[in-house]
Chemist: 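Encoded as structure tokens, here's the structure I'll be asking about.
Predicted model only: the values in this text are computed from it and were never measured. Lettering follows sequence order; numbering is per chain, from 1.
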Amino acid sequence: MDSAEFHAAVYDTVRLIPHGRVTSYGHIAKLIGQPNYSRHVGQALKFLSPNTNPPVPWHRVIASSGTISSRGPGTNGAQLQQEALEAEGVEVTVGRTGELRVDMKTWGWFPAPGSIVIGDSSEPDD
DNA sequence: TTATTGACGCACC
DNA sequence: AGGTGCGCCAATA
């Protein structure tokens, strides 16, 4: 799989996440058949443009621990992600150290690989 | 070309 | 339950 295809697969899979639900980078990686590419899922998402069509609900993707990763000091991406999630009804807990957290056993969405349909055009791969 | 980084995951403390 | 350390794999410096 090329990086372009990888990115496309990531976007396609992220679009499958139901409203008001969250999943992890690692699970997205598993769904597209690359279980060890969890970090690259994040890479693909940051590569994403803010005005894609159709839009990709990147805010529904968080770390498997349920923590919203810090985009680095000076950036408020995590803050924006928290607001976007709360707007969908997802409860985000804030720890004393400021870490944003979501209860995965309540809001987590983890379909088994193969039990989902990516792209509904049934693209032939011959 | 080599070393470091990164929107991560899991085992361990 | 949460924090830390080590392992993964490409992209970047």
Chemist: I need the NZ-C1' distance between A:Lys30 and B:dC8, as an integer number of Å.
Modeler: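 For the pair A:Lys30 NZ and B:dC8 C1', the rounded distance is 12 Å.
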Chemist: Look at the rings of A:His40 and A:Phe6 and say which category their plane angle falls in: under 30° parallel, 30 to 60° tilted, over 60° perpendicular.
Modeler: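 If you compare the ring of A:His40 with that of A:Phe6, the planes turn out perpendicular.
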Chemist: Provide the closest heavy-atom pair for A:Ala78 versus A:Leu100 in the form atom of the first, atom of the second, distance.
Modeler: O-CD1, 3.4 Å
Chemist: Answer yes or no: is there a side-chain heavy-atom contact under 4.5 Å between A:Leu85 and A:Ile68?
Modeler: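 Yes. Closest side-chain heavy atoms under 4.5 Å.
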Chemist: Between A:His7 (NE2) and B:dA7 (P), how many Å, whole number?
Modeler: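 The answer, rounded to whole Å, is 13 Å.
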Chemist: Counting only side-chain N and O atoms of A:Ser69, is one of them less than 4.0 Å from OP1 or OP2 of B:dA7?
Modeler: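 It does not, given that no N or O in the side chain of A:Ser69 lies less than 4.0 Å from OP1 or OP2 of B:dA7.
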Chemist: Taking the side chain as everything from C-beta on, heavy atoms only, tell me whether A:Val94 gets closer than 4.5 Å to A:Gln82.
Modeler: yes
Chemist: Scan A:Ser65 against the nucleic acid and name what it touches under 4.0 Å (heavy atoms): base, sugar-phosphate only, or nothing.
Modeler: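 Nothing, no nucleic acid heavy atom in range.
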Chemist: Identify every side-chain donor-acceptor pair in residues 18-26 of chain A under 3.5 Å, counting partners at least two apart or on other chains, and give the distances.
Modeler:
unit_1	atom_1	unit_2	atom_2	d
A:Thr23	OG1	A:Trp109	O	2.9
A:Ser24	OG	A:His27	N	3.1

Chemist: May I have the distance from A:Lys105 (atom NZ) to C:dG2 (atom P), rounded to whole angstrom?
Modeler: 12 Å
Chemist: Figure out the NE2/C1' separation between A:His27 and B:dC10, and round it to whole Å.
Modeler: 16 Å
Chemist: Give a yes or no on whether A:Glu91 atom CD has more than 12 heavy-atom contacts from other residues, nucleotides or ligands under 6.0 Å away.
Modeler: no
Chemist: In whole Å, I'd like the distance from the CG atom of A:Leu100 to the P atom of B:dC8.
Modeler: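 Rounding to the nearest Å, CG of A:Leu100 and P of B:dC8 are 13 Å apart.
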Chemist: Which residues, if any, of residues 84-91 of chain A bring a heavy atom under 4.0 Å of DNA chain C?
Modeler: none
Chemist: Could you state the CD1-C1' distance from A:Ile62 to C:dG2, rounded to the nearest angstrom?
Modeler: 15 Å
Chemist: Measure from the side chain of A:Leu45, starting at C-beta and using heavy atoms only, and say which of B:dG9, B:dA7, B:dC10 lies closest.
Modeler: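 Comparing B:dG9, B:dA7, B:dC10 against the side chain of A:Leu45, the answer is B:dA7.
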Chemist: Indicate whether OP1 or OP2 belonging to B:dA7 is found under 4.0 Å from a side-chain N or O atom of A:Arg60.
Modeler: no
Chemist: Can you find a heavy atom in the side chain of A:Val41 that is under 4.5 Å from one in the side chain of A:Gln34?
Modeler: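 Side chain of A:Val41 against side chain of A:Gln34, heavy atoms only: no contact under 4.5 Å found.
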Chemist: I need the CG-P distance between A:Leu31 and B:dC8, as an integer number of Å.
Modeler: 17 Å
Chemist: Over all heavy atoms of both residues, which pair between A:Ala84 and A:His59 is shortest? Give the atoms and the distance, please.
Modeler: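 Where A:Ala84 meets A:His59 most closely, the heavy atoms are CB-CG, 3.7 Å.
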Chemist: Side chains of A:Asp103 and A:Thr93: does their closest heavy-atom pair fall under 4.5 Å?
Modeler: no
Chemist: Please report, rounded to the nearest Å, how far the P atom of B:dC8 is from the CH2 atom of A:Trp58.
Modeler: 13 Å
Chemist: Could you write nucleotides 6-13 of chain C as a row of B, S and -, 5' to 3', where a protein heavy atom under 4.0 Å of any base atom gives B, of only sugar-phosphate atoms gives S, and otherwise -?
Modeler: -BBBBS--
